[in-house]
Amino acid sequence: LDAEFALRFANFRPYILNSQNMGIALEVNGRNIEAEQGETLLSALNRHGIQVPTICSMKDLSPSGACRMCVVEVEGRDNLVPACSFPIDGPMKILTHSPRVLRARKTNVELLLSNHPDDCLYCERNGSCELQSLSEDLNIRERRIPGKRSPHKIDKSSPAIVRDPAKCILCGRCVRICEEIMSTCSFDFAFRGNELRIATTLGKPLNYSNCTSCGQCLIACPTGALIEHVQFPELEARIHAPDTLVVAQYSPAAAIAVAEQLGMRPGTDLGGMIAAVLRRYGFDFVFESAFGSDLLMVEQTEIFKERMKEERDFPLLTSSCPAWVHFIEQYYPELLSELSPLKSPHQMTGALIREWLPSLLDSGKKEIVSVLITSCTAAKTEARKVEMTRGGMPVIDLVLTTRELGRMIKLSGLDLEQLEPEPPDAPFFSTASAGKLTGVAGGEAEATVRTLYHRATGKEIPPSKLHRFRIHKSIRTMTVKAGQREIRMGTVSGLSHAVALLEEIKSGKRKLDLLEVMACPGGCINGGGQPIPVDEALIRTRTKAIYELDNSSSLHTAHGSPALQKCYHDYLVEPGGKLSLDLLHTTFTKREVLL
Amino acid sequence: MPSGASIMPSRSSGKQGSWVIIFWIADIICRFLCARVRVPLSCGEETALIASLEGRRGMPSSKPPYPASSGYLGRPTVVNNVETLSNLPAIVREGPEWYRGIGAAGCPGTKIFSVSGRVNMSGLVEVPMGTTFDTIVNDILGGVKKGRSLKALHIGGPTGCMLPVDLMDVPVTYEALKEKGLIMGSGGVLVMDDRTCVVNTVSYFMEYVDKQSCGKCIPCREGTRRMAEILGGITRKPDDEEGHTTLERFKGVMQLESLAEVMKDTSLCGLGQNAPNPVLSTLKYFRNEYEEHIFNRKCPSNSCTELRSWYIDVEMCTGCSICAKRCPSEAIIGTARHPYFIVQEKCIGCGICFEVCKFSAVYFK
């Protein structure tokens, strides 16, 4: 994979190496601006407040130059040049909004629209579509270029992702994010000319492919060509059915990000609001997935302690991220024994809702509909996995994303300003902030180490001791002394970074004891089900909000949570006990897929 | 690799020029590797060809960086045509002065043209630079068939330009062609006489380029397709001449020129930038043919089959009814053993009646 990356970036390397901070004067639209040697024209223009529209370009991805939206006029060049992939190599005279440039941009958007369905009103991405806003910005008011549209079939085969190639504008963002950030390579271009399309291996449906359902492509997609498998209508059908108990659990990352979907200040925690809204919407119980996270920390500590006795070379890999589990089952089946054999937090909560909750209620035998509200699209696929079923039925019936939650809140017609936050229901709630930390990359490792420290020394670790672990980097490692032993913990987010780190560990360059892996860059707060659009600043805001929850909390450790202690006292008996093995542990299998 | 193969004989020929020594050293320190790639037209673009060689999808990438600074596997790469390389052995053997003596001033050497179409002799012609197209077609290849008149030359392959007959005395040099807004391109020459329809030919080229485009950038992928559709609409008869389709056709025609200009301006690689050349050059030199197709729905050279108006000769028709049975649009009416009649409003111009008629009673105007 590394060789492929090197290849892909090879074309741009000389310019990156040559970049010296030399001021180059550019004349843009008659005004002078300063630029650096070797940087792209687009970044120089953006820095000086000149907006050039783009579709195919994305931060952190290699420039493609396919959409030709960012073209600008450069004096001395016959053709227009794309700003996104044009390195500055000397003084230039540039026109960014000349009539010639505007006509070119407009015609190119019109060409895209000539092969695009006219169903904006019914589209999932109505309002957040980049093609829509671009045609609005360029003032396109009629279908000027007539033409036939390519015939396409919608692919609904995956439980998480729906692909509608008719809306695809072939910008290649999904291809690049899947290859460069997630190193999964589920998509690539196939065929050519007007037959060009994005396809999986051999053009098979998505459920046959090596897709991990992480959903990063949904966030990257500028149009509605890639959307989540919406289960909201199914929920509406079941929520008011008689004799059913509709139970929801929401994840901390969804509670943080849903504010953006509702037009509120990013980073506002709506956890209490969600409980209030969902109850009014018709849910009988509203629980927290963070309870499952607390369980996970405690169970993981037991597993880790057992493992430490064996003195293994390889670190214990966490298994709370469903996309990561899917990935490792496909690409590294030899490492499955290194995975912590635990379910994801929401599946743990789900299993307890199925098995323990009915005995707590005296309302007779009612059918339970278990709904998960999460930032994760892979959870939709995970819920359908055989390993996650009990008695042949899925433990979690419906999985809604944060975006679906946002729509549900809008549909409920409730004014959140006037609503009082309500606490989630017993027994599955979390007063400890440890569980909520799983929303960010590094949070699970941090919270696990807190419990580990307690188990090893009998004392609580001061939370600030682990704050050094919270830097904004994809790969982080830290050594903590717990009693006699040193725990080398690490976290990695983004599957391509995970692959790089795993190779390092395999070759013995790095030694770790505990490695938390999150498929999405930044962790669950940047999951595939989160509100669109998202950028790096927004991810930082969400991360900060989660850490803020932890900082302001009075109880930091999972093992201290009263709800958890009650659960062990009343039902599970002990971590790693018989019931825990049955309900909270799982197995992994090697997955054969077309690659 | 042709260069490697051609250098070897020059070394063994015994001529001890400085060039030979340079190539001899190059031969020792370089290893020539011949790779075969099966590529579409779009891989004529150097960056796409390099991508294909690297094992990636044959799609072009933005320039700069040019392959000369960062090409195959990130290393400096020179991409040359076979024609260029084939000149090397002769230059090495005879020396650069000899080579500069051939051809026109500022544009030395020879150029190979592949001439085909409505010409008496077709094939490859190598001429010194500066020769006129008139010499190539009329003097060397014997002109068009007897009784026909030369209408145009299409030079430079599917993405080339149409050269009208009054520009035949343009000398074959890069500067002279550029002055007239034409390009040398691949060196293909298609000779067209008065039986060839300019619009139909351009439409065919556009369909070809549409299929050969890699599809990466919007102007080339969508633009060639829409232009092919618009041109197809001009040269073909629609199912009904009424209302919407006619309006759409006119709407398309209105966009043709601006679409071509935007494609030329914004396409990523040479294929897309040159794809509108046939359209732009014919709009410049053969605008009247377009107008005839669009407004009168007639093809001046009668080669757009679907625009022909078919008639049945009352004298010749025996009333066998086979044409009426085979007509896909039920446009032929009549009673058996009496002459049949074609309803022009229903006729789609497919010409099946002409093919099936055993009595040569069907003709077109």
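To find a chain, count down the sequence lines: A is the first, B the second, and so on, and within it residues start at 1. These figures come from a predicted structure and were not determined experimentally.
The shortest side-chain heavy-atom distance between B:Pro64 and A:Pro87 falls under the 4.5 Å cut-off. Two residues are said to be in side-chain contact when any heavy atoms from C-beta on lie closer than 4.5 Å; A:Arg163 and A:Phe187 meet this criterion.
For A:Lys153, there are no salt bridge (Lys or Arg N to Asp or Glu O under 4.0 Å) partners at least two apart in sequence or on another chain.
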Stepwise side-chain contact (heavy atoms from CB on, under 4.5 Å) check, B:Val198 with B:Thr201: CA-CA 5 Å; B:Val198 167; B:Thr201 313; 5.7 Å; no
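No other option in B:Ser42, B:Gly58, B:Ser258, B:Pro219 has as many heavy-atom pairs under 4.5 Å with chain A as B:Pro219. By number of non-hydrogen pairs under 4.5 angstrom with chain B, the leading residue of A:Ala66, A:Gly172, A:Cys67, A:Pro82 is A:Ala66. Top candidate by heavy-atom pairs under 4.5 Å with chain B, chosen from A:Val71, A:Ile55, A:Leu196, A:Val109, is A:Leu196. Between chain B and the residues A:Asn79, A:Asp78, A:Val81, A:Leu112, the largest count of heavy-atom pairs under 4.5 Å involves A:Asn79. Most heavy-atom pairs under 4.5 Å with chain A: of the set B:Lys264, B:Glu261, B:Met263, this distinction falls to B:Glu261.
Only the backbone of A:Ile169 comes within contact range of chain B, judged by heavy atoms closer than 4.5 Å. Looking at A:Leu80, both its backbone and its side chain come within 4.5 Å of chain B, counting heavy atoms on both sides. Looking at B:Met59, the atoms closer than 4.5 Å to chain A (heavy atoms on both sides) all sit in the side chain, from C-beta outward. Looking at B:Glu229, only its side chain comes within 4.5 Å of chain A, counting heavy atoms on both sides. Looking at A:Arg105, neither its backbone nor its side chain comes within 4.5 Å of chain B, counting heavy atoms on both sides. For a residue to count as touching a neighbouring chain, one of its non-hydrogen atoms must lie under 4.5 Å from one of that chain's; by this rule B:Thr224 does not touch chain A. If you measure heavy-atom distances from B:Lys211 to chain A, the contacts under 4.5 Å come from the backbone alone.
The backbone N or O of A:Met182 lies less than 3.5 Å from a partner atom in the side chain of A:Thr184, making a donor-acceptor pair. Without hydrogens or angle criteria, B:Arg236 side chain to B:Leu307 main chain gives no donor-acceptor distance under 3.5 Å.
Heavy atoms of other residues, nucleotides or ligands lying less than 6.0 angstrom from NZ of B:Lys251 number more than 12.
Cation-pi check for A:Arg197 over A:Phe191 is met; the charged atom lies under 6.0 angstrom from the ring centroid and within 45 degrees of its normal.
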